[in-house]
Amino acid sequence: MSSFNRIVIFGATSVIAQHIARELLTQGTRSFVLIGRNQEKLTEVKADLVTRAVPEHIDCECLICDLLDPRAVKEVTTAALACGVPDLCLIAQGSSLPETAVLQSDLKALHDNLTLNAISPALCAEAMLPALMQRKSGTLAIIGSMAGDRGRASNYPYGAAKACLDTYAQGLRHRCYHTGVKICLIKPGRVRSPLTAVLEHPGPLAEPSEVARTVVKDLLRVRSVIYVPSLWRYIMFAVRLMPGFIFNRLSV
Amino acid sequence: MTACYSWGRLKPVEALLCAPLSRKFSLTALLKSRPENNSAHGKSVRYLPRGHARSYGDACLLEGGTLVSSLLLDRLIAFDPQGKTITCESGVLLRDLQRFLVPRGFMLPVTPGTELITVGGAIAADVHCKNHHRYGTFGCHVLSFTLHRSDGEILECSPGKNCGYFKATIGGMGLTGFISEATLSLKPVPGPMIGAENIAFENLEEFFALTKESTADFEHTVSWTDCVSGNGQRGIFMRGNHAPLPEPESKKSKSLPLAVPLTPPLSLVNGLSLRAFNLMYYAAQKRHRRAFNVHYEKFFYPLDGVAHWNRIYGPAGFYQYQYVIPPAAAREATAAIQQEISHSGQGSFLGVLKTFGSIKSPGLLSFPMEGVTYALDFPNRGADTEKLFARLDAIVGEAGGRLYLAKDARQPRKLFEQGYGSVLDEFLKYVDPRCSSELSRRLMGS
């Protein structure tokens, strides 16, 4: 496949989603459905894509949805499918904020964070999948994280939610094996984002535009699990295998 | 609190960082949202807008303050090819903007020696280009911008509206408030290539002769000088025009392959390596005295091809010293400065020499004026470097010149007031009372 013609993005105001959408635009996508909860921010993302497409015109629809509400997710998926089944559905909602210390002391914040990062993407995947399976083609991509590969003291609530998506995607992949629908799990490392923007030296940090380039290239190659940067696949393999009595001593 | 540096990496400051997610944000609410700011014992929170932090000195630093980063505001808003304008958020890098514009037949009329700065930063530093004699500064092509103040006011600024804020913000080093978006006018270009020539010169007389000869026919002119050998006057004169040529297939711009991965324990820029580098560079250029075509990114921003190049100066960091001196005194003063540097043995790779034209910027604190400008890097050698700068300051001051605030880390207040004093009172009227930088503390008292 040379490019995706029509894409639907849940959580379209996330930094990575915006950059993936831009990269897809340069690769030929001309029909976008952007789903999120904030009208104003969605409009800004739309204006950015429409401007970048000039002199060409694109179809870009914004749909408002509370992505934590199962009923709302069902309704917005129906609306998104009204103009056609997408070639690519990207599920990008999630947040690494508030910081772990806040989540440890505020159970409501923890509840909301886990709901946004684990449950909401699962709802969107289940809502969208039947249409793709019926058409027997298409790609469903979920944004996970390397943080899900191992629980770490510094970010285990976030990591646990992303680990949930890892297994969920595995299950979907098994389910869809003979259907022609591809399931991709994207695992970025640390990307310039609202959290890392407030850290002057957050360690090796990937630019979202570079992440997007790698992701789109690997999506087109239909890779099941996309690590960004790619070499981290091997590093995380080792990290996962490390015995607890060694890992737990490290302050990472 | 995080340790934050400027590009010169001289001395970090401890500051809070925060970043708006949308251009429609409340600066007051954002400053309050950091819990550290609420427990500031009633002291007024000081803040400073921050782009890509490419200022060399202390213009982008604020000890104990809140740095408000624009880097998440990277969206385009509108593009009008007929009207030749673009509107975008202030955190868009000039590199990304140009990569969007050039394939569509446009460029920004003015960009500095690096593309890796934000639109907001370009306005705040009122950057200049190799084509200053034709196009003036970045501020000359800013049609409007939106300015957020800490008291909650959001001002639309243009030559016809809030004109005082407009003029104070251009070149105002971020001290008037946070720019969230801007509209810029564009220059049509026939393609991504530059038709360029490199000509060697032996002394300042030849430099001035080449400048006079080139100004009419060439949009872009700049020279690189060898600061170390002889009297420090020889160099290469580079001139070019936009060329109606397509980009050669094999040389399509790829992502940065070169990077300086870590800070070496001492400066790699020492007398020996410098001498060798300069001689090699000069000899190589001399062999190729001819016209050639080059991609605009290589012509304008050669150092952008080496990520983190500022690290080669080692952990002590480095200074940039850039001055402008009016035409009457320029020749003599530049010769004297080149002599001082050559004798000191503290030279740098980059001695960049250029003449500015007479196009005035709307910015009050704008640096360029008609005359000669010279920009040099110096590894930080502590007291020796400071002594050299004191001698250079004396020459610049006596010649009626001034230093570039985006590069400055240490000029004395007296020299600053001499260079910018006539506009300072007017400028201070528009400074956001809660906005400060280490630069403003050093030169303006707060």
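Keep in mind that this is a model prediction, so the values were computed, not measured. Chain letters run A, B, ... following the sequence lines, proteins first, then strands; residues in each count from 1. Just so it is clear, the values below take in all heavy atoms, side chains as well, and ignore hydrogens, waters and symmetry mates.
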Pair B:Tyr47 + B:Phe178: ring centers closer than 6.0 Å: no

Salt bridge flag under 4.0 Å for residues B:Glu297 and B:Arg99: yes

Atom group of B:Phe79 that falls short of 4.5 Å from chain A, counting heavy atoms: both

Electrostatic pair B:Lys84:B:Asp80 at N-O distance under 4.0 angstrom: no

Under 4.5 Å from any heavy atom of chain A - which part of B:Asp96: neither

Distance flag, aromatic centroids of B:Tyr56 and B:Phe318, threshold under 6.0 Å: yes

Heavy-atom pair count under 4.5 Å with chain B, highest-scoring of A:Lys46, A:Lys41, A:Glu40: A:Glu40

